[in-house]
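Chain A is the first sequence line, chain B the second, and so forth, proteins listed ahead of strands; every chain is numbered from 1.
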There are 2 protein chains.
Amino acid sequence: MATAGHKNPERSLTEKLNTVGFRFTPQRQQVYDVILQKRDHPTAEEVFIRAKRHMPDISHATVYNCLDALVKCGLVRQVQLQRGASRYCPNMEEHCHYYCDSCGRVFDVQLQKDSTSMPRPKGFHVDHYDIAAHGRCAACSAKPID
Amino acid sequence: MATAGHKNPERSLTEKLNTVGFRFTPQRQQVYDVILQKRDHPTAEEVFIRAKRHMPDISHATVYNCLDALVKCGLVRQVQLQRGASRYCPNMEEHCHYYCDSCGRVFDVQLQKDSTSMPRPKGFHVDHYDIAAHGRCAACSAKPID
DNA sequence: GTCAAGATTTAGAATTATTCTAAATCCAAA
DNA sequence: TTTGGATTTAGAATAATTCTAAATCTTGAC
């Protein structure tokens, strides 16, 4: 069944995990599947509940471990939108999260490199933008990676 | 001593609080002072410790209350950079937070409207940008404010 | 194949961050 | 002055995450 050009998402997960020295595990697959299935920016708790439906023995700690592994190998983004739980997002393209402070819904909007204005979800009223760059400062870039 | 053109930060705090129906209190003043004094994006816990030095009876709950009041009246921003505690920032101009994932330091960079490229702290190596818009979605805009 | 080392998972405890509660205090307006 | 609502307080409660130690699972060396 090893047909060329056949989509093999499991192989890609394994490869991505391997690039940062992690092993493939069924739990990591399950957590990744959950995040891919319903792209509503779930919290770790929501991922846990959904994963548990197919894998009843999965534990809380494992979900955190899997999410961290997926974030570290570049398959998932961790997003901090409000006080409280982090959310997780499998969209790795450059995009902006429109967050409704009233109902908590999140709308993804792809960024357009060549456009000067930011598109926004129809009817969304923006209060302010939060822009953060993640990386390593000059001092830490000089040190070995911990 | 009511000289025209004299800086009166306390008056501005009172006015700002009043615009959203909050009262001026010494605790709110103290918390705001702490945030203005050392602009290192402290967490609520750090604000609590610093405020306690000058106002030993201030409580944890009050610090959270004061921070929320300052955020609601537009004097302070709440920023979420990692999993865990929120941080607070008195810089209300459009700016970007460069966050070092290794040591946790935060560098403010003002945004330049007319420039196409983003300036960055010397030597900072960016891994990725997080962009979030806060506001109200179409459905919630139609409802009365809660 | 077999074994040892190290990675991963698990349940549950521990910690951290935040919110809630109820009583006390303060303040503004009638 | 009194009264109602806003605010503060200590401490309890809850939520989110991390830690711990034992069990299990790979992987690679033999």
| What do you reckon, is NE2 of His128(B) surrounded by more than 12 foreign heavy atoms closer than 6.0 Å? | yes
| At under 4.0 Å, does any side-chain N or O of Tyr64(A) touch on OP1 or OP2 of dT18(D)? | no
| request: Report which part of the nucleic acid Ala85(B) touches: base, sugar-phosphate, or nothing (heavy-atom distance under 4.0 Å, all strands). | output: sugar-phosphate
| query | At under 4.0 Å between heavy atoms, what does Glu45(A) touch on the DNA or RNA strands: base, sugar-phosphate, or nothing? | reply | nothing
| query | What is the distance from NE2 of His60(B) to P of dT16(C), rounded to the nearest Å? | reply | 12 Å
| query | How long is the span from the CD atom in Glu46(A) to the NZ atom in Lys38(A), to the nearest 0.5 Å? | reply | 8.0 Å
| task | Whole angstrom is fine here: how far is it from CD1 in Ile58(B) over to C1' in dT7(D)? | result | 12 Å
| query | Does dT7(D) have OP1 or OP2 sitting under 4.0 Å from an N or O in the side chain of Thr62(B)? | reply | no
| For Arg23(B) and dC26(C), is the shortest distance between a side-chain N/O and OP1 or OP2 below 4.0 Å? | no
| message | If I take atom CG in residue Asn18(A) and atom P in nucleotide dA7(C), what distance separates them, rounded to the nearest angstrom? | response | 14 Å
| query | Hey, does the side chain of Arg83(B) come within less than 4.0 Å of dA17(C)'s phosphate (OP1/OP2), counting only N and O? | reply | no
| task | Before accepting this row, confirm whether a basic side-chain N of the pair Arg50(A)/Asp40(A) lies closer than 4.0 Å to the acidic partner's carboxylate O. | result | yes
| said: If the cut-off is 4.0 Å, is Thr25(B) near the phosphate of dA6(D), judged by side-chain N/O to OP1 or OP2? | reply: no
| query | Between Gln80(B) (CD) and dA17(C) (P), how many Å, whole number? | reply | 12 Å
| task | Could you check how far CD of Gln30(A) sits from P of dT8(C), rounded to whole Å? | result | 18 Å
| query | Reckon Gln27(B) has a side-chain N or O less than 4.0 Å from the OP1 or OP2 of dT9(D)? | reply | yes
| message | Tell me if a side-chain donor or acceptor on Ser141(A) pairs with a main-chain N or O of Cys137(A) at a distance below 3.5 Å. | response | yes
| field | Nearest-angstrom distance from the residue atom CZ of Phe48(A) to P of dT18(D) | value | 16 Å
| message | Quick check on DNA chain C: between Pro26(B) and Asn65(A), whose nearest nucleotide comes earlier from the 5' end? | response | Asn65(A)
| request: Can you tell me the distance, in whole Å, between the CG atom of Asp57(B) and the C1' atom of dT25(C)? | output: 13 Å
| said: By nearest heavy atom, map Phe22(B) and Gly84(B) onto DNA chain D; which one lands nearer the 5' end? | reply: Phe22(B)
| Does OP1 or OP2 of dT17(D) have a side-chain N or O of Ser86(A) closer than 4.0 Å? | yes
| task | Pick out which of Tyr99(B), Tyr129(B), Tyr98(B) makes a ring-ring contact (aromatic ring centres under 6.0 Å, His included) with His134(A). | result | Tyr99(B)
| task | Send over the distance from Lys72(A) NZ to dA7(C) C1', rounded to a whole Å. | result | 14 Å
